[in-house]
There are 2 protein chains.
Amino acid sequence: MSNFEVLFDYIQEISGKLLSEDDKHLLMAHFKPKKLRKRQYFLQEGDVCKYIGFIVKGSARTFTVDEKGHENVLKLSVENWWLADFESFYLLTPSRFNIEALEDLEVLQSTNAQIEEFLKHIPAFSAMQNIISQNNTIATQKRMQAAFSYTAEERYEDLISNYPHFLKRFPQNVIASYLGLSPETLSRIRKNSFK
Amino acid sequence: MSNFEVLFDYIQEISGKLLSEDDKHLLMAHFKPKKLRKRQYFLQEGDVCKYIGFIVKGSARTFTVDEKGHENVLKLSVENWWLADFESFYLLTPSRFNIEALEDLEVLQSTNAQIEEFLKHIPAFSAMQNIISQNNTIATQKRMQAAFSYTAEERYEDLISNYPHFLKRFPQNVIASYLGLSPETLSRIRKNSFK
DNA sequence: ACAATAAGTTGACCTAAGTCAAATGTACTT
DNA sequence: AAGTACATTTGACTTAGGTCAACTTATTGT
């Protein structure tokens, strides 16, 4: 299956609508394949996030670096997710985030201006956008609640049950940062949970 | 200014589009004014959030209650905000949240099915929805970052600079819970910051 | 295959924030 | 206006999780 077929399937499945041949040609004309090797940056702090990427293969982390050089992972992204700092992408302001490939990464990328065109002309695309933003609203609300009202251990258990594959796929220090923990603390939690 | 005029102004301003007379009639036919007194619930845990409300006057808090009876404020909402548990509202599942009026509250409310109609027939309404979900994505991302990488004191300073009116308007224990702090800790932070 | 670099573990210690309890202050209700 | 129910403050104490450092185990690049 080609990269574009992955994208088409995704749009059709999420939106519940079919893409016409014209729709597909429009998408193929304006999404550009891009490959990044592990450790390469999709976005660097201070730059404007000019592209949004649809992940066909691989994974990435979105993180900030605070004054003390402490890295803070906000998001982990895998296949069939969109990759961008949406604040920077929508508002065209410099980003406070870095987005780095955790594994070799293949994306299909496009610009803000192009996305506006897709939304105007492709019904399945705008239906998709609505559903994604609903899902996003829901997911972030859950994560907020978890951050505030769960203990470190509960957040880890929660991750295990919701995204078990994350644990296999990402290094433990990345998972720790994603959970808002130091690597040492996560190491200890794991040790205890084997009893 | 009538309640509906507040809503019309809001939609037009956010969307950057004008509402036709027909649009306005459609909205007036399907948004129902509703008043709640302070302490009354807009939504109770376990119920499906059947209505979305546009706040014309007053304020509300969205919170959960954990096993220990500990309340956890996730959102504070004031005039010109939408009030709902979007997860429950979109998916029609029972809500894990409570929404309670903090001050006497006037909303214009409508149902999921009606909102779908508005989105279909009123261009300004769907433009508004897109912009709101963009803003929402951005705001939640910021709040997530604050929750993970700021200290209690920094989160309080942040609130002061972003929403100074919240401090005047809401009781301190509500603010504390919103910041993910015990009331005692917030009291101490405030004491220290007067030096 | 072998340094070299990074990731994970473990122990000792520290600190921010939570908990409990008592005292004071404020605001609804009748 | 008095009385009851909340809010806030303060102090004493506890605890979850962070920090620093030493060590072990994996990855990575040449």
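In what follows, every chain begins at residue 1, and chains take the letters A, B, ... in the order their sequences are listed. As the structure is a prediction and not an experimental result, all values here were calculated from the model.
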In numerical order, the residues of residues 175-187 of chain B whose heavy atoms come under 4.0 Å of DNA chain C are B:Gly180, B:Leu181, B:Ser182, B:Glu184, B:Thr185
Nearest-Å distance for atom pair NZ/C1', residues A:Lys38 and C:dA6: 11 Å
Any side-chain N or O of B:Lys191 below 4.0 angstrom from OP1/OP2 of D:dT8? no
Near DNA chain C, which residues from residues 151-173 of chain A have a heavy atom under 4.0 Å away? A:Pro171, A:Gln172, A:Asn173
What is the distance, to the nearest angstrom, from the CZ atom on B:Arg190 to the P atom on D:dT10? 11 Å
If each end axis of the helix from C:dA1-D:dT30 to C:dA27-D:dT4 is fitted on five C1' pair positions, the angle between them, to 10 degrees, is 60°
With sequence neighbours excluded, residues passing side-chain contact (heavy atoms from CB on, under 4.5 Å) with B:Leu18: B:Gln12
Sorted by position of nearest nucleotide on DNA chain C, 5' first, the leading residue of B:Arg39 and B:His70 is B:His70
Separation of C:dG8 atom C1' from A:Ile189 atom CD1, nearest Å, is 14 Å
Can you name the ring pair (Phe, Tyr, Trp, His ring centres under 6.0 Å) partners of B:Tyr163, sequence neighbours left out? B:Phe166
Holding to salt bridge (Lys or Arg N to Asp or Glu O under 4.0 Å), I want the full list of residues that pass it with B:Glu71, two or more places apart in sequence or in another chain. B:Arg61
Once you round it to whole Å, what is the distance between P of D:dT8 and CG of B:Asn192? 18 Å
Does anything in residues 88-112 of chain B form a ring pair (Phe, Tyr, Trp, His ring centres under 6.0 Å)? List the pairs, not counting sequence neighbours. B:Phe86-B:Tyr90
Spacing of B:Asp104 atom CG relative to C:dC28 atom P, expressed in whole Å: 11 Å
Against A:Phe54, only a single residue in A:Trp82, A:Phe8, A:Phe31 fulfils ring-ring contact (aromatic ring centres under 6.0 Å, His included); can you say which? A:Trp82
Can you list the residues that meet the side-chain contact (heavy atoms from CB on, under 4.5 Å) rule with B:Pro171, with sequence neighbours excluded? B:Asn173, B:Val174
Summary of ring pair (Phe, Tyr, Trp, His ring centres under 6.0 Å) pairs that have at least one residue in residues 127-157 of chain B, sequence neighbours excluded: none
Round to a whole Å and report the spacing from CD of B:Glu71 to P of C:dT19. 14 Å
If we count only N and O atoms by modelled type, under 3.5 Å, do the side chains of A:Ser149 and B:Asp66 hold a donor and an acceptor together? no
Go through the N and O atoms of the side chain of A:Arg188 and the base of C:dG8, and report whether any donor-acceptor pair is under 3.5 Å. no
Quick one: list whatever passes salt bridge (Lys or Arg N to Asp or Glu O under 4.0 Å) with B:Lys168, sequence neighbours left out. none
Residue pairs fulfilling side-chain hydrogen bond (donor to acceptor under 3.5 Å, both in side chains) with at least one residue in residues 28-56 of chain A, sequence neighbours excluded: A:His30-A:Gln114
For B:Lys57, check side-chain contact (heavy atoms from CB on, under 4.5 Å) against everything at least two apart and list the hits. B:Glu79, B:Glu106
